[in-house]
Amino acid sequence: MPGTILDGRKLSSEIRQELKERIEALAPHGVVPTLAGFLVGDDPGSASYVRLKEKAATEVGLRAEMQHLPADCSQERLLRQLRELVQRTDVHGVFVQLPLPSQIDEELVLAEVAPAKDVDGFHPESVGRAWLGQESFVPATPAGIMEMLRRTGYDDLRRKHAVIVNTDSLVGKPMAALLTREDVGANVTLCHPDTPRLAELTRQADLLVVAVNQANFITADMVREGVIAVDFGSNYVDDPSAKQGYRLVGDIDFESVQQKAAAITPVPGGAGPMTVTMLLAHTVLAAERAYASRQA
Ligand code: GUN
């Protein structure tokens, strides 16, 4: 039997409905959860991602405040504007879209986002706390996977083997931090896409998470029966039968891997929508915490 499709759009709309209710509950107290973000430069991918975040935020009832700075913006100017934003009590969540232009030191910038408002989970304190199993914001991509697995009942990963083909700070490392927490208890292997004999590792995976941006990188012979397969790829491939002449596919060969999988995320409509939803969820939580601490 083909594996269950983990429908990120459906789950996202359920979560966004819950967020609307939490936002409405804050309104009588004069709190409008506010997400503020910086886009530096004109990279079309980053610009469209920021627009997507802004649109999703306003649709659930958050206030969104995006600042667009020119590509040649100085580091000092970004840091100054960022500090001003972080200090404002009416701003609850702050993010800086990555990557930044080369004249700007990413580490310095990310360290300016106070952990209480660090809805992307990129501040070194947030990263450290995540690894220690302490309360913190974690990057939206792995947070979205964990939420998806919890809500679909595929979250019993104790002493199971999770194989993650990605080692970066946005996906692989924070995913490993979450999966090795005491209450989850998975065994984790982090690997690079060019690791020799990669298939020997991926074939051991009870949970396989892939983010390499290479179309159909994972084929059916690389997975075991019963795998839970999570795909973060986003690749455009030519398709003469499609209206635009191309279509979006993931890193996992969906049709063949679904035949062996217990559950699998589609692309589009799987893990992707959950990422933006988690950013919204983090902002609502930051606003609730800020309000609760004012009451205390
Ligand atoms: N660039 C690519 N993904 C992300 C993300 O999740 N957050 C930010 N701030 N930048 C990104």
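Ligands are counted one by one from 1 in listed order, and the atoms in each one are counted from 1 as well.
- Taking Ile, Leu, Val, Met, Phe, Trp and Tyr as hydrophobic and joining them when side-chain heavy atoms fall under 4.5 Å apart, one finds Tyr246 in a cluster with Tyr236, Leu248, Val267.
- Residues meeting the side-chain contact (heavy atoms from CB on, under 4.5 Å) test with Ala56, sequence neighbours left out: Arg16, Val276, Leu280.
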Expected list for residues 22-33: side-chain donor-acceptor pairs under 3.5 angstrom, two or more places apart:
| residue | atom | partner | partner atom | Å |
| --- | --- | --- | --- | --- |
| Arg22 | NE | Glu288 | OE2 | 2.8 |
| Arg22 | NH2 | Glu288 | OE1 | 2.8 |
| His29 | ND1 | Tyr291 | OH | 2.8 |

Present, as a list of atom pairs with distances to 0.1 Å, all nitrogen or oxygen contacts under 3.5 Å between ligand 1 and the protein.
| residue | atom | partner | partner atom | Å |
| --- | --- | --- | --- | --- |
| ligand 1 | 1 (N) | Gln97 | NE2 | 3.2 |
| ligand 1 | 1 (N) | Leu98 | O | 2.9 |
| ligand 1 | 7 (N) | Asp120 | OD1 | 3.4 |
| ligand 1 | 7 (N) | Asp120 | OD2 | 3.2 |
| ligand 1 | 9 (N) | Val96 | O | 2.8 |
| ligand 1 | 9 (N) | Asp120 | OD2 | 2.6 |
| ligand 1 | 10 (N) | Gln97 | NE2 | 3.4 |
| ligand 1 | 10 (N) | Leu98 | N | 3.0 |

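- Gln67 and Gln81 share a side-chain donor-acceptor pair at under 3.5 Å.
- Nearest heavy-atom pair across Ala262 and Tyr154 is O-OH, 3.7 Å.
- Salt-bridge formation is not detected for the pair Arg51/Glu54: no Lys NZ or Arg NE/NH1/NH2 atom is positioned less than 4.0 Å from an Asp or Glu carboxylate oxygen.
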